[in-house]
Amino acid sequence: SVHRCVVCGLGQTQPIPEDLSPYYENYYGGRHSFSARYRASRRLARVSRYVNDGLLLDIGYGEGTFLEFAATQGFECVGVERFSGSNERTFATFEDLEAARQAYPTRKFSAITCWHSLEHVTDADDVLANICEMLADDGSLFIAVPNFASRQAEMFGKDWLHLDVPRHLVHFTEMSIEKMLRKHDLHIADVWHHESEYDIMGWSQSFLNKIFSEKNVFF
């Protein structure tokens with residue numbers, strides 16, 4: 001089930017599985033196919049509007065495509081990922097935020113990115129508190145999450161691809177995430193609502209989920 005706040009619309013998956021690791025088996029590895037490189041360059045272009053170099057932390061780096069690309073553009077890259085496996089990376093990797101913090105005790109991050117990772121954590125409020133401590137005073141935070149109040153989500157309901165329970169534990173609306181960010185004294189510089197490859201996949205696969213008994217056939 002997803003419990004929804006009647007005020008801000010924030011959703012919470014209930015119950016949260018005690019062990020999430022089985023849901024991430026074979027989850028990474030070519031899931032984005034030919035769009036991965038485009039997605040990385042598009043996201044870095046957005047980051048570069050505010051930050052051009054320095055120490056960059058990606059929380060939930062997944063397949064690592066974004067950090068691999070950012071490293072070629074002058075950033076010193078660090079990644080946090082619980083379910084990354086043992087693949088070798090060209091950037092520093094850690095399993096949790098505390099390990100990353102201890103590795104850089106005297107340095108702050110110029111940019112911290114959460115590309116579709118904040119919806120996977122059990123306590124997003126705690127993660128944001130840690131981010132604020134690790135982010136430089138003039139640093140920038142970038143977050144992408146599915147919109148639980150979007151037209152796509154409302155139209156397809158339980159068949160919406162980006163609902164993705166139980167991997168997605170928190171389901172944000174624009175109102176709820178803005179409320180959470182302001183609670184931590186973060187100034188919101190920009191809001192955007194579209195990522196083309198996610199939009200195309202979301203509409204097409206959700207429609208197929210609605211009419212077929214087999215779910216997520218594209219995957």
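The model shown is predicted, which means the values in this text are computed figures rather than measured ones. Values below: every heavy atom of this structure, side chains too, minus hydrogens, waters and symmetry copies.
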Which heavy atom in N147 sits nearest to a heavy atom in H193, and how many Å separate them?
ND2-ND1, 4.4 Å
Under a 4.0 Å threshold between the charged nitrogen and the carboxylate oxygen, would E197 count as salt-bridged to R42?
yes
Do you know which two heavy atoms are closest between T122 and L169, and how far apart they sit?
CG2-CD1, 3.6 Å
How long is the gap from NE2 on H184 to CG on L141, to the nearest 0.5 Å?
10.5 Å
Any donor-acceptor pair under 3.5 Å from T13 side chain to H168 backbone
yes
What pair of heavy atoms forms the shortest contact from C8 to T173, and how long is it?
O-OG1, 2.7 Å
Interatomic distance, S140 atom OG to L186 atom CG [nearest 0.5 angstrom]
10.5 Å
Can you tell me if K215 uses its side chain to pair, donor with acceptor, with the backbone of L161 under 3.5 Å?
no
Quick one: pull up CG in D58 and CD in E68 and give me the separation to the nearest 0.5 Å.
11.5 Å
For the pair E76 and R107, find out whether any cationic side-chain nitrogen is under 4.0 Å from an anionic carboxylate oxygen.
yes
Quiz item: cation-pi between R4 and F148, 6.0 Å / 45°
yes
If you define the side chain from C-beta out and look only at heavy atoms, does anything of Y61 sit under 4.5 Å from R89?
yes
Should we count NZ of K108 as having more than 12 external heavy atoms under 6.0 Å?
yes
Grab the two heavy atoms, one from F218 and one from S204, that are nearest each other, plus how far apart they are.
CE1-OG, 3.6 Å
Could you check whether the rings of Y24 and H120 sit parallel, tilted or perpendicular, using 30° and 60° as the cut-offs?
tilted
Please round to the nearest 0.5 Å and tell me the distance separating atom OH of Y104 and atom CZ of F109.
6.0 Å
Do NZ/NE/NH1/NH2 and the carboxylate oxygens of E98 and R101 come within less than 4.0 Å?
yes
So, does E119 use its side chain to make a donor-acceptor pair with the main chain of H171 at under 3.5 Å?
no
Inter-residue atom distance K183.NZ - L181.CG, 0.5 Å rounding
11.5 Å
Rounded to the nearest 0.5 Å, what separation is found between the OH atom of Y198 and the NE2 atom of H162?
8.0 Å
